[in-house]
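This report refers to the structure that appears directly beneath it.
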Amino acid sequence: MRAHRRAQRAAVTTGATLLAAGLLAGCGLSEPDADVPADGRPGHTSAAPAPAGPTDSPRTPELPSELTSQRLDWKRCTAPRGGNAPGSAWRCARVDVPLDYADPSGETLSVALIRKEARDKGRRLGSLLFNFGGPGGSGVATLPRAAGSYAKLNTRYDLVSFDPRGVAASSGVRCRTDKEQEQAHRNVDLTPDTAAEEAAFIEDAAEFGAGCERRSGTVLPHVGTGNAARDLDLIRRVLGDEKLSYFGFSYGTELGGTYAHLFPHTVGRTVLDAAVDPTADGIGHARNQTVGFQRALENYLKDRGRSPKEGSERIARLLARIDRSPLPTDSGRELSESLAITGIVTPLYSESSWPDLTAALDEAENNGTGNGLLRLADSYNGRDEQGRYDTQSHSQRAISCADSTSRPTVDEARALLPEFRKLSPVFGPFLAWDTAGWCAEWPVEGEHETPETSAPGAGPVLVVGTTGDPATPYEGARRMADELGEGVGVLLTNKGEGHGAYGSNDCVTSTIDDYFLDGKVPADGRTCG
């Protein structure tokens, strides 16, 4: 489990509370003529697809016209797996993209799209593409459920999202059956204490990767973020937009930053909310999240009138007891330490969920049962009441390991334990071990140590960081803005709690709305809250 996967799911479950906020724009830019595109602003759009044109980066191949001139066949949407069909305002389509961009005339993948057209067609600015995080989150399933938060943007933008390659309806990666996933949650200790537990932990991680290769070997080498960014640009062209207007959350900020690096001259109005730290490698990311979740836990404890230090130590002692003796639940399943940690992580994504954490911890400590924490863990893990799991955890791992060259060993993870325990007695051991288990013996080599997000020549990109964000700590937003480059990255700070700012703070929300709708760019370093 990588904690930042929760961005997509949390965006849906908490609605506008998790998604938003705004500060009135500082530097206003005048609206450009619709026929004269400008960096950082939507360009002219037309009904016909954009011509192929020159590529923006030497690493981006020229695409054949049969891909760039596709005409999308928009139809009523069917129900996604485990969900309901969206309303009549929504239309779905598929776009063909190269399986391997090094061979763009070869085999293709089909990427699923969903769209809700702008209500004010006379003032339409173009398409606004969303990625809600993960990696591995389904935009096709998420956007209709979250669209109420973007009603103002929908006046002038077509709201568009997609399942990235390797995700859900877009040749989704599958690595395990539901039964195998249940067995792993039951039998594998994610904070191993003995040599036998360590061996089982690494064996399970290796089996996960082998299962991905058996079931999804064709797409597995090609699901990285760089290819997803190239898909974004092809989607932009097929939609007929001269520039990409984009709204990314959590992992979606890494995808947006990668796009800006590869295609700086087609970056339109772009917002990166709950920004990932692009300078962190695998261990650095785990260290950042250890700090972020401990900070959020301490803020929760302070809000409940408890000592952060004593409260954290008390929760750590509870987890140690559960490790020795798992808690019973009404379902007949046991709450293990690993599931308990996941249950504690889940409500820290949104301040509105803190009462759920209080109730679950009180039950575990006072009643000796784990119903509340297990429900929270199941929500995070994508498990329904029938024991069926979604595949977001499969796609997330496949995309992360295709991206990152980081492959820490068991010895390296064990060496991190003293530092990580000091950073957080609750989350440190779990996140230290996660560095070794995440991509253990992965069948595909990673692409880079850290993602490249420098974007010289791009228009302004609004980067939003929340001071109490547990999964993508605030410090990463400043680094993302810095990496995008001077005159490109514009930092907006939300002083608050939770993962993602849009929809949770009126100041942030209005600032982002003004930027998307009117091109008003706030001064770098502005603060809301």
Side-chain angles (χ1 to χ4, degrees), residues 1-3 6 184-194 197-198 200-201 286 289-381 383 413-414 416-434 437 468 470-471 497:
M1 176 189 74
R2 284 295 165 97
R6 278 286 302 174
H185 283 305
R186 185 185 305 122
N187 299 328
V188 179
D189 190 336
L190 300 182
T191 56
D193 305 302
T194 66
E197 287 182 347
E198 287 182 12
F201 172 69
Q289 290 201 324
T290 302
V291 170
F293 278 102
Q294 181 62 29
R295 180 187 295 159
L297 180 64
E298 291 180 1
N299 290 343
Y300 157 79
L301 291 167
K302 290 176 187 176
D303 186 72
R304 294 304 186 263
R306 301 174 187 172
S307 161
K309 184 175 186 296
E310 293 176 2
S312 297
E313 291 173 349
R314 181 173 177 174
I315 293 172
R317 290 193 296 271
L318 171 65
L319 291 171
R321 291 198 300 273
I322 295 173
D323 190 27
R324 294 190 298 270
S325 181
L327 299 184
T329 70
D330 294 343
S331 68
R333 298 160 62 209
E334 289 185 327
L335 179 80
S336 65
E337 179 196 24
S338 301
L339 288 170
I341 293 171
T342 304
I344 293 169
V345 159
T346 304
L348 293 178
Y349 277 83
S350 172
E351 190 173 3
S352 65
S353 297
W354 287 0
D356 297 333
L357 178 57
T358 299
L361 289 173
D362 286 349
E363 180 201 0
E365 289 188 311
N366 300 325
N367 297 347
T369 56
N371 295 297
L373 286 173
L374 185 60
R375 279 194 298 271
L376 290 166
D378 284 349
S379 172
Y380 188 108
N381 289 328
R383 185 189 191 274
R414 195 185 299 112
L416 293 173
L417 286 170
E419 175 198 356
F420 276 51
R421 281 198 183 101
K422 186 175 181 180
L423 292 174
S424 173
V426 176
F427 307 111
F430 167 77
L431 286 165
W433 280 113
D434 189 52
E497 301 298 325

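In what follows, residues are counted from 1 in the order of the sequence shown. These numbers come from a predicted model, not from an experiment.
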Show the nearest heavy-atom pair for residues [X] and [Y], with the distance to one decimal.
{"X": "Pro347", "Y": "Gly343", "result": "CD-O, 2.9 Å"}
{"X": "Ala296", "Y": "Pro470", "result": "CB-CB, 3.7 Å"}
{"X": "Glu337", "Y": "Ile322", "result": "N-CG2, 3.5 Å"}
{"X": "Ala471", "Y": "Phe293", "result": "CA-CE1, 3.8 Å"}
{"X": "Ala364", "Y": "Leu318", "result": "CB-CD2, 4.1 Å"}
{"X": "Glu363", "Y": "Gly370", "result": "OE2-N, 3.9 Å"}

I'd like to know if the side chain of [X] and the backbone of [Y] have a donor-acceptor N/O pair within less than 3.5 Å.
{"X": "Glu497", "Y": "Glu351", "answer": "no"}
{"X": "Ser353", "Y": "Asp356", "answer": "no"}
{"X": "Asn381", "Y": "Arg383", "answer": "no"}
{"X": "Asp434", "Y": "Ala286", "answer": "no"}
{"X": "Ser331", "Y": "Arg333", "answer": "yes"}
{"X": "Glu197", "Y": "Asp193", "answer": "yes"}
{"X": "Ser379", "Y": "Arg375", "answer": "no"}

*Has Arg314 got more than 12 heavy atoms of other residues, nucleotides or ligands less than 6.0 Å from its CZ?*
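Result for CZ/Arg314: open.
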Nearest 0.5 Å, please: how far is [atom2] in [Y] from [atom1] in [X]?
{"X": "Leu327", "Y": "Leu374", "atom1": "CG", "atom2": "CG", "answer": "10.0 Å"}
{"X": "Leu335", "Y": "Thr329", "atom1": "CG", "atom2": "OG1", "answer": "7.5 Å"}
{"X": "Thr290", "Y": "Lys422", "atom1": "OG1", "atom2": "NZ", "answer": "14.5 Å"}
{"X": "Ile341", "Y": "Thr346", "atom1": "CD1", "atom2": "OG1", "answer": "11.5 Å"}
{"X": "Ile344", "Y": "Leu297", "atom1": "CD1", "atom2": "CG", "answer": "7.5 Å"}
{"X": "Phe430", "Y": "Gln289", "atom1": "CZ", "atom2": "CD", "answer": "9.0 Å"}

*Which is it for Glu198 and Arg414 under the salt bridge (Lys or Arg N to Asp or Glu O under 4.0 Å) test, yes or no, and what are the steps along the way?*
CA-CA 10 Å; Glu198 287 182 12; Arg414 195 185 299 112; 2.6 Å; yes
Check whether any side-chain heavy atom of [X] lies under 4.5 Å from a side-chain heavy atom of [Y], and answer yes or no.
{"X": "Pro308", "Y": "Lys302", "answer": "yes"}
{"X": "Ser336", "Y": "His185", "answer": "no"}
{"X": "Val345", "Y": "Phe427", "answer": "yes"}
{"X": "Ser338", "Y": "Val188", "answer": "no"}

*Using the side-chain contact (heavy atoms from CB on, under 4.5 Å) rule, take Leu373 and Leu339 through it: C-alpha gap first, then chi angles, then the decisive distance, then the call.*
CA-CA 8 Å; Leu373 286 173; Leu339 288 170; over 6 Å; no
*Identify, with sequence neighbours excluded, every residue that meets ring pair (Phe, Tyr, Trp, His ring centres under 6.0 Å) alongside Tyr300.*
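Scan of Tyr300 (ring pair (Phe, Tyr, Trp, His ring centres under 6.0 Å), adjacent residues dropped) gives Trp354.
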*asked:* Working note: Leu357 + Leu348, criterion side-chain contact (heavy atoms from CB on, under 4.5 Å); need CA distance, chi angles, decisive distance, verdict.
replied: CA-CA 8 Å; Leu357 178 57; Leu348 293 178; 4.0 Å; yes
*Between Glu310 and Arg306, is there a side-chain N and carboxylate O pair less than 4.0 Å apart?*
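Between Arg306 and Glu310 there is no salt bridge, as every charged N stays at least 4.0 Å from the carboxylate O atoms.
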*Begin with the C-alpha distance, continue with both residues' side-chain angles, and end with the deciding distance and a verdict on side-chain contact (heavy atoms from CB on, under 4.5 Å) for Leu416 and Trp433.*
CA-CA 8 Å; Leu416 293 173; Trp433 280 113; over 6 Å; no
*Answer with yes or no whether the side chains of Thr358 and Arg304 bring together a donor and an acceptor at under 3.5 Å.*
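Result is yes, a qualifying pair exists.
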*Begin with the C-alpha distance, continue with both residues' side-chain angles, and end with the deciding distance and a verdict on side-chain contact (heavy atoms from CB on, under 4.5 Å) for Phe420 and Val291.*
CA-CA 9 Å; Phe420 276 51; Val291 170; over 6 Å; no
*Who pairs with Gln294 by side-chain hydrogen bond (donor to acceptor under 3.5 Å, both in side chains), at least two apart in sequence or on another chain?*
Glu298, Ser312, Ser424
